[in-house]
Every structure is written in structure tokens, then in C-alpha cells.
Protein chains: 2
Amino acid sequence: MDDPLPIGELAARTGLTVRALHHYEDLGLLSPTRTVAGHRRYGPREVERVQQIRSLQTLGVSLREIGTVLEAPDFDPAALVARQRAALAAEQARLSDLLGRLDALERLLRQRAQTGTPIPPTDFLQTLRAMQDIEQHYSPDQLAQLADRRRQLGEETIRAVEAEWPRLFEQVGQAMDAGADPASPEARALIDRWDELVAMFTNHDPGITQSLGNVWKQSGGSASQMAGLDPDRMRELFAYAQRVRDARG
Amino acid sequence: MDDPLPIGELAARTGLTVRALHHYEDLGLLSPTRTVAGHRRYGPREVERVQQIRSLQTLGVSLREIGTVLEAPDFDPAALVARQRAALAAEQARLSDLLGRLDALERLLRQRAQTGTPIPPTDFLQTLRAMQDIEQHYSPDQLAQLADRRRQLGEETIRAVEAEWPRLFEQVGQAMDAGADPASPEARALIDRWDELVAMFTNHDPGITQSLGNVWKQSGGSASQMAGLDPDRMRELFAYAQRVRDARG
DNA sequence: CTTGCTCCTGACGCAGCGGGAGGTCCGTAC
DNA sequence: GTACGGACCTCCCGCTGCGTCAGGAGCAAG
């Protein structure tokens, strides 16, 4: 029962592959005895080491580090755990960063598809770049805040607002084209709604609202790219909106 | 201004390294023109391609896949995004799995350190293995539920309960040693509290409570390892607790 | 012409194995 | 004795995204 196992047996019992066991040995994690013919035999001690290796792997510890741990029986478990946590947390942060961008992209694609101005594949890369240009205007903190805020608002609200923006731009455009007085109640109502939508997502944070303003100014091209509007038209809309706000005093 | 750039210039402007640009070229993502001496020159087209590569990288897309995307201008953006999401989500799940285990370990280390029965480094690997043995008794679903429940309960409560368990075991042990009648109110109170603590973490889910029972039975050794108690003593405590429950009817 | 900077082309290294090539060994059936 | 199917052996390349030399050539300024 406790006879030393050939490598195939050990592999079958541990769920590892023969190749993996070879690899562990190459790294010095295992050193089974050998038969005269050079075939590996794993005694109970080695079998246990394999289990320990697996255990440490389920914590995401690297094989090299596992090597040092197994060779130093007086290592500090708490320190090991802390190091691992830090490393994995960093990885997770990186991932959620990527996922955040994907979410934003998905929202944009969906919105543009629903509002009848889908992004042609040839423009996709430009749009993507526009998104990153815009992202650069926010600090990581601000981006995190915006993401939080979106979670608070929920899927429903976001979709509703996404659908409302193009309509609002359209209405403001019509008012502007019709020469509506920036001080008129109609114009004011539209821009109030505009600012309300903005405030909803910025959660009334002045820093973020400020950054958003910079985005409009410095990346007008990017913003219009994402909205699917002509950059000049977009600039006009923004200038008009500003006049309305100024008229309000 | 739009003269073709030497590689060092392009690297400086894009924030990439010369080596990275070489690498992209090896993979066929770029093909700058060359001077007579063989030095690379990047025109506006190539510069834009570099930006596109960077953009796609911020979504976590692999360089090979970027290659196929850049060569097929009529690819499906939505499909690309969906694939990326799936891949990253899988990665994230794997990571949070590892982090979950690390959390559990950290809790255990902390608790054992606080209750005056720290885990000696030499026993750490055994304890780790015991944890995984126990983990095997739960389905992934159940583990997720337990993690959720812990989040609901909050740090405070968890620490309090962690501190209570050893005391409770101690009291039950004393009652048992004193030959307290399993039907006595004292014994009943202790075991009621015991079951209450269990229910708090299992959130009264019968499936999980059942699995927990299996853990005690089949992995008594592992459980005692984690609690820092003698396995035989542990088994006695559990048998006594069961007698108390039976006496209650 | 020399100095000093930029550029070139290999080629190894990392992490954790997968997978294959080409050869040896083992147990069993004939 | 031998022939055959597995199991085992030892290299060695491949993947991912570059970092990092090594050794040599081009280029502008003094």
C-alpha cells in the first residue's frame, strides 16, 4: 500500500500530469528515488510534498516561492499570506480596470445601436481611441467614483439616460436652429435637464464636473465621435448651452 | 511635422519602448519603411496603427488577436467585446477564488493567534491542507453563499464569533467532563448557542448545514486541525452535542 | 577622425507547463 | 526466446509580451 509509486500512478492519484511532476522536479521541488533503470519512484514523503505543492498553488503562490517555502520550514505564514493578498489584489485591480473599459464600450455600442446610429466597424477603432482620450481627463479616483455612481443608479436608469441624451441634443439643436433666446424658458428647461443628467452621473461632485468640462473643451472631437455627431455641430451645441447658463446668471 | 519618425522618437512619443515596437513588427502588426541603412521610419499611418494597438491592449486583447482585428477591417466589434468580457470574467472568477481562500486563511491565522493557540510554521502546511479538505465538502455554489453571508455579517460580527467558538468549546467540554445531563437546561443552552452560531453563518440553509455535518463526520481530523484541538476530544464534543440535541427531541 | 548617441539583428529569460520526437524498459502472451 | 503494447525516459520547441544584454553599424558634431 505504501510502496513507492511510479510516476503514472502518482499522476493519476493526484490529478496532475506526468509532465507537471517532471516540471516540479526540474524546479527542485521534488526528488523521487529512482529504480536501477532510472524510473522515478515516489515514497510517502514525496507524495505528501506533492500535496503541499498543490495546496500552496491553490493560494496562487508561484512554484519558485513554493520552493523556498518548502525548504524553509520556519517561514512566516502570515507574511506569505500577506504577500499573496497584495499580489492578487493588484491583479484584480488591473482586471477590473479592463472590465470597466469593456463595460463602457459595451454600453456605448448598445446605445448607438439602439438610437439608430450604430458604429461602423471601420470607425470602431477611432471610437475606442476617443474613449481613451476622454478617460485620460479623469483621475483614477474620479473614474472609480463614476463607476460607483453607475452601480448606484442601476442598469435601468442608465439605459433610460442613454436613450435620453440623443433626444436632448436633438431638441437643443432645434431650439438653437430656431434662434430661441438663450434666456427663454424653453431653452432654460432643456439646459436644466442637461445639467441634471450630468449631475446625476457626477453625483454633484464639483471635481468631476470640472473634468467633464475639460473633456468637452479639449476633446470635443472625441466626445462627438462617441456621440456620433459632427464635431462642429457639437461645439455649437455646447456654446449655446453655455449661453443659456450664462443668461440664467 | 509629419515626417516619418525614427523608432526612438516614436517610442518617446507613444510611451512605448523600442523593444516593444520591434516586437509588434515581429508579429506583423507594423511594417515601417526603412532608410537605405535599414533604419525604421514610421509614417503617419504607422503611427496611427500604434495607437490602435495600444487602444486594443487597454481592453486586454492579445497581440495576436489585435493582428487579426487590424487585418480584417470588417470584424464585429460587439463579438470582440463579448469575447473579451468572457475571458476577463473567467480570470476574475479565478482570482476571487484564490482571494477567498486567502481571506479564509488570514481569518484562521488571526483567530488562532488571538485565542492563544497560534499555528506553528511547521503545522501551517497541514492546516492549509485541512482547509482544502474541508472546502471539498462544499459545492462552489455553497462556498459562494457562505462568502456572501460573511459579507452580510460584517467584519465585526465575524471576529466576535471567531472569539466565541473556542470559549464555547471549552464550556461544552467542561459540562461534558462534569457529567452534565444532556437534557439539563445548562447543556441545552450551550448547544442552542452552538447551533445558533452555525445557523448564523449557514444562513439557515439546510443544504449547507448538511454539508457542514459531513465535514464534521468525514473530516474530523481536518476540523480539529483548524480548531487547534485534539481530534478525539473534538469527536467527543460533537457526540455530546448530538446527545443534547436528541434529548431535546 | 574620434566621440557619443541611435539604431540594427539575434538570442536568452520569465511561468507553468503542453505536446511531440525518439528511444528504453517492463510485464505478459505466445 | 521473443514479440508486443504500455509506461517511462530525456531533450526540446511553443506560448505571452516584452526586458535585457551582446556585438556591431550609422550618424551628427567637434
Side-chain angles (χ1 to χ4, degrees), chain A residues 3-42 46 50 52-70 83-84 87-88 90-91 94-95 98, chain B residues 3-42 46 50 52-70 83-84 87-88 90-91 94-95 98:
Chain A
D3 292 340
L5 303 171
I7 195 168
E9 258 300 301
L10 179 58
R13 291 196 193 183
T14 57
L16 292 168
T17 64
V18 169
R19 183 63 184 88
L21 291 168
H22 283 170
H23 186 53
Y24 298 160
E25 193 172 339
D26 286 344
L27 295 181
L29 303 184
L30 292 174
S31 42
T33 59
R34 301 280 188 137
T35 67
V36 275
H39 289 197
R40 295 169 178 82
R41 288 297 126 106
Y42 296 85
E46 297 299 312
V50 172
Q52 295 175 337
I53 294 170
R54 294 251 83 187
S55 290
L56 288 167
Q57 274 192 311
T58 65
L59 300 180
V61 180
S62 77
L63 290 179
R64 329 271 155 180
E65 189 149 14
I66 290 176
T68 74
V69 165
L70 292 184
R83 274 204 306 280
Q84 269 316 107
L88 294 187
E91 255 304 285
R94 206 181 55 83
L95 269 186
L98 298 183
Chain B
D3 293 340
L5 303 171
I7 196 167
E9 259 300 300
L10 179 59
R13 292 196 193 183
T14 56
L16 291 169
T17 64
V18 170
R19 182 61 183 92
L21 291 168
H22 282 169
H23 186 54
Y24 298 160
E25 193 172 340
D26 285 345
L27 295 181
L29 303 184
L30 293 174
S31 43
T33 59
R34 303 280 189 136
T35 67
V36 275
H39 288 197
R40 295 172 178 80
R41 289 297 126 108
Y42 296 84
E46 297 299 313
V50 172
Q52 295 175 337
I53 293 170
R54 296 250 82 189
S55 291
L56 288 166
Q57 275 192 310
T58 66
L59 301 180
V61 180
S62 76
L63 290 179
R64 330 271 155 179
E65 189 151 13
I66 290 176
T68 73
V69 165
L70 291 183
R83 273 203 306 278
Q84 267 318 105
L88 294 187
E91 255 304 284
R94 205 180 56 84
L95 270 185
L98 298 183

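Predicted model, so just to flag it, every value in this text is computed and none were measured.
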Please confirm whether the shortest side-chain N or O distance from B:Thr17 to OP1 or OP2 of D:dC18 is below 4.0 Å.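 Negative; the distance criterion is not met.
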
Is the closest side-chain heavy-atom distance between [X] and [Y] below 4.5 Å?
| X | Y | answer |
| --- | --- | --- |
| B:Thr17 | B:His23 | no |
| B:Leu16 | B:Arg54 | yes |
| B:Ile66 | B:Leu27 | no |
| B:Arg40 | B:Pro6 | no |
| B:His22 | B:Ile7 | yes |
| B:Glu25 | B:Pro32 | yes |

Length of the [atom1]-[atom2] vector between [X] and [N], whole Å:
| X | N | atom1 | atom2 | result |
| --- | --- | --- | --- | --- |
| B:His23 | D:dT16 | NE2 | P | 9 Å |
| A:Asp26 | C:dC17 | CG | P | 12 Å |
| A:Leu27 | C:dC17 | CG | P | 9 Å |
| A:Leu21 | C:dG18 | CG | P | 10 Å |
| B:Tyr24 | D:dC18 | OH | C1' | 8 Å |
| B:Leu16 | D:dG17 | CG | P | 14 Å |
| A:Leu10 | D:dC9 | CG | C1' | 17 Å |

Side chain of B:Glu46, backbone of B:Ser31: donor and acceptor closer than 3.5 Å?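 Between the backbone of B:Ser31 and the side chain of B:Glu46 there is a qualifying donor-acceptor contact (under 3.5 Å).
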
Main-chain N/O of A:Leu59 paired to A:Gln84 side chain as donor or acceptor, under 3.5 Å: yes

Touch class at under 4.0 angstrom, heavy-atom based, for A:Thr35 against every strand present: nothing

Every protein N/O within reach of nucleotides 8-10 of chain C N/O, cut-off under 3.5 Å:
from	atom 1	to	atom 2	distance (Å)
C:dC8	OP1	B:Arg40	N	2.8
C:dC8	OP1	B:Arg40	NH1	2.8
C:dC8	OP2	B:His22	NE2	3.2
C:dC8	OP2	B:Arg40	NH1	3.3
C:dC8	O5'	B:Arg40	NH1	3.2
C:dT9	OP1	B:Arg34	NH1	2.9
C:dT9	OP1	B:Arg34	NH2	3.2
C:dT9	OP2	B:Arg40	NH1	3.0
C:dT9	OP2	B:Arg40	NH2	2.6

Which of residues 62-69 of chain A have a heavy atom under 4.0 Å from DNA chain D?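 Output list: empty, so none.
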
First of A:Gly8 and B:Gln57 reached from the 5' end of DNA chain D, by closest nucleotide: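 The answer here is A:Gly8.
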
Nearest heavy atoms of B:Leu29 and B:Gly67, plus distance in Å: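 In this case the closest contact between B:Leu29 and B:Gly67 is CD2-CA, 3.2 Å.
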
